[in-house]
Amino acid sequence: MSTLRDLAEEHTALRPADIDHLHRVAGDWQLLSDLSFADLLLWVPVDGDGTFLCVAQVRPTTAPTAYLDDQVGRIVGGPEVAHLEVAHRQGRIWREGDPVWYGDVPARHEAIPVRLRTGDGEHGEVIAVVGRDTNLSTARTPSQLELNYLTTADDLAQMIADGTFPPPRHPGETTSAPRVGDGLVRLDANGKVTYASPNAQSAYRRLGYASHLVGEDLAKLHRRLAGDPLEGADAGNAVLAALRGEAPPRREVDARGATMLTRALPLMPAGVPIGALVLVRDITEVRRRDRALITKDATIREIHHRVKNNLQTVAALLRLQARRVAMPEARVALEESVRRVASIALVHETLSMSSDEAVEFDGIVDRVASAATEVAATEVSVGMRRTGSFGILPAEIATSLVMVLNELLLNAVEHGFPPADEDGASAPVDEPRPAVVVSVHRRRKELHVSVADNGRGLPAQFDAERGGNLGLQIVRALVTGELRGTIELRNGAAGGTEAMLVVPLARGTTDRLTGRAGPP
Ligand SMILES: Nc1ncnc2c1ncn2[C@@H]1O[C@H](COP(=O)(O)OP(=O)(O)O)[C@@H](O)[C@H]1O
Ligand SMILES: [Mg+2]
């Protein structure tokens with residue numbers, strides 16, 4: 001679907017500033033639609049041919065729509081848009097007496113010119129027309145609420161025609177603004193409440209105000225109710241600013257454990273300040289959930305921290321045990337377990353420091369790799385290198401992957417470059433320097449990792465599919481199980497051993513977590 005900007009740029013001579021204003025209108029007009037119980041269509045004159053193009057549409061949340069079909073993109077000429085033409089040319093609101101029929105839905109048409117005021121505050125130009133079309137099929141004798149809404153709607157419609165609505169936006173207002181249905185209060189020019197919708201009345205009741213709002217001075221009431229005097233002053237001042245014709249930022253009022261979001265709007269049809277509109281929304285639950293989420297995040301981090309501590313304790317106990325056993329094989333086995341446990345602890349340590357269930361993996365790999373070089377026979381010094389980046393990985397992949405890499409790196413160091421006495425002779429002097437390279441790249445949604453050494457290669461008759469002891473069993477179990485990937489062990493083209501690992505990254509995971517697109 002085309003956007004407002006696309007449509008306007010393609011079909012009209014509107015300038016960027018005009019289009020920005022139309023975006024402001026469309027950003028704030030749900031309010032007018034709801035108060036009017038009417039559909040709003042934003043029409044712009046098509047360059048030079050007397051037709052109008054619909055660039056935006058909003059349906060009321062308070063009443064049935066007059067249009068079941070989407071109108072955006074329609075270009076209309078002739079009698080159907082005569083009223084738009086009048087409003088556009090004369091710069092005044094045009095109301096139609098008789099209903100028009102859409103199929104069997106009767107509707108009333110109105111046309112509101114959209115004016116963009118120029119910098120010097122004077123009149124400005126009419127750049128578009130808002131069609132306000134009310135489905136009359138359910139119209140009945142209006143209630144007090146409906147009458148109040150309709151009066152306010154007419155004031156706002158006039159302000160669109162004057163160019164004083166919508167008000168300028170305040171940057172950084174993230175919470176969505178309160179809507180008409182959330183709670184609406186209308187004030188007269190003295191700041192006294194003339195009408196409060198039932199939902200508004202309930203919202204104030206939650207803050208501890210039990211009486212009727214009508215007749216109250218709302219600015220004073222906000223000051224009185226707010227638990228925090230500064231916040232109360234802000235919320236009170238916002239009301240006063242709107243009464244002066246300004247558009248203050250949204251304010252929150254906290255009292256008795258409840259939170260209310262308020263938005264005050266000036267009402268000044270034809271430039272005369274006649275009062276203000278205050279929309280309120282009880283956001284107690286939203287704020288409660290915000291707080292709960294923050295505590296949940298902190299709790300998760302704390303748990304990772306404790307898991308890390310516990311794993312480190314387990315590793316320390318195994319290390320103590322290893323020092324005390326006499327049998328060399330048992331000692332080696334215990335020392336391997338120490339390294340396995342410690343590698344998992346690294347992931348939890350990293351998780352305990354991030355707010356995501358995801359970790360920057362390169363740092364973890366580098367630490368595991370440098371730990372692996374320490375197990376090299378004392379006379380061999382193995383160079384460790386990483387090329388490429390793992391990026392940010394989700395916790396569940398990271399934990400398994402670190403264990404796999406730990407085993408592969410240990411094998412490369414241990415078996416690729418065995419101590420001289422194992423096969424009876426030391427390495428010839430002209431051999432290249434022992435090195436292990438971990439290289440990684442992302443290809444589509446997969447992580448391709450190779451761990452290659454330039455050591456003596458796999459033993460003859462080694463069954464690369466099934467052979468090995470506990471280390472490779474762990475590797476295969478994790479790769480095919482948890483990681484749903486593949487692993488291949490082979491002799492490298494230029495000697496040594498190479499382990500090739502492919503791990504699928506869950507669809508979308510990478511992008512969501514890193515916020516960056518992976519390489520194509
Ligand atoms: N990078 C390597 N270079 C040479 N041989 C290797 C390499 N990786 C594994 N191997 C061989 O595979 C065997 C099984 O490894 P593994 O299952 O990790 O058990 P362990 O390391 O306890 O021997 C090793 O004993 C070794 O013979
Ligand atoms: Mg091993």
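These figures come from a predicted structure and were not determined experimentally. One-based numbering, in listed order, for ligands and for the atoms of each. Start at 1 with the first residue, then count along the sequence. In what follows, every heavy atom counts, from backbone to side chain, and hydrogens, waters and symmetry copies are set aside.
Interatomic distance, CG of Leu207 versus OG of Ser202, reported as 11.0 Å (0.5 Å rounding). Between Arg263 atom CZ and Arg250 atom CZ the span is 6.0 Å, to the nearest 0.5 Å.
For ligand 1, the atoms closer than 4.0 angstrom to any heavy atom of Gly416 are 3 (N). When each atom of ligand 1 is checked for a heavy atom of Gly468 under 4.0 Å away, the hits are 14 (C), 17 (O). For ligand 1 and Ala412, the ligand atoms under 4.0 Å from any heavy atom of the residue are 1 (N).
Asp453 OD2, 2.9 Å is the protein heavy atom nearest to atom 1 (N) of ligand 1. Looking only at protein heavy atoms, the nearest one to atom 11 (C) of ligand 1 is Phe462 CE1, 3.9 Å. Scanning the protein heavy atoms around atom 27 (O) of ligand 1, the nearest turns out to be Pro459 CG, 3.4 Å. The protein heavy-atom contact nearest to atom 10 (N) of ligand 1 is Leu458 CD2, 3.8 Å. The protein atom (non-hydrogen) at minimum distance from atom 15 (O) of ligand 1 is Asn411 ND2, 3.5 Å. Annotation: atom 21 (O) of ligand 1 to nearest protein heavy atom, His415 NE2, 2.7 Å. Ranking protein heavy atoms by distance to atom 3 (N) of ligand 1, first place goes to Thr497 OG1, 3.1 Å.
Under the 4.5 Å side-chain criterion, counting only non-hydrogen atoms from C-beta, Ile75 is in contact with His11. Residues Glu482 and Glu396 have side chains not in contact (no heavy-atom distance under 4.5 Å, counting atoms from C-beta outward).
With no hydrogens or angles considered, a side-chain donor-acceptor pair links His304 and Glu357 at under 3.5 Å. Side chains of Asp34 and Gln30: a donor-acceptor N/O pair is present below 3.5 angstrom, by distance only. Looking at Gln321 and Arg324, their side chains never bring a donor and an acceptor atom within 3.5 Å of each other. A side-chain donor from one of Arg223 and Asn237 sits under 3.5 Å from a side-chain acceptor of the other.
Distance check for Asn469 against the Mg ion (ligand 2): none of its N/O/S atoms falls below 2.8 Å.
Residue contacts with ligand 1: Asn469 is placed with a nitrogen or oxygen under 3.5 Å of a nitrogen or oxygen of the ligand (distance criterion only). Checked against a 3.5 angstrom limit, the closest N/O atoms of Leu472 and ligand 1 fall inside it.
The minimum heavy-atom distance linking Ala56 with Ala26 is given by the pair CB-CB, 4.5 Å.
At least one heavy atom of Gly457 lies less than 4.0 angstrom from ligand 1.
Looking at Val475 against ligand 1, nothing comes within 4.0 Å, counting heavy atoms.
Taking the six-membered ring where tryptophan is involved, the planes of Tyr204 and His222 are essentially parallel, since the angle between them stays under 30° and well short of 60°.
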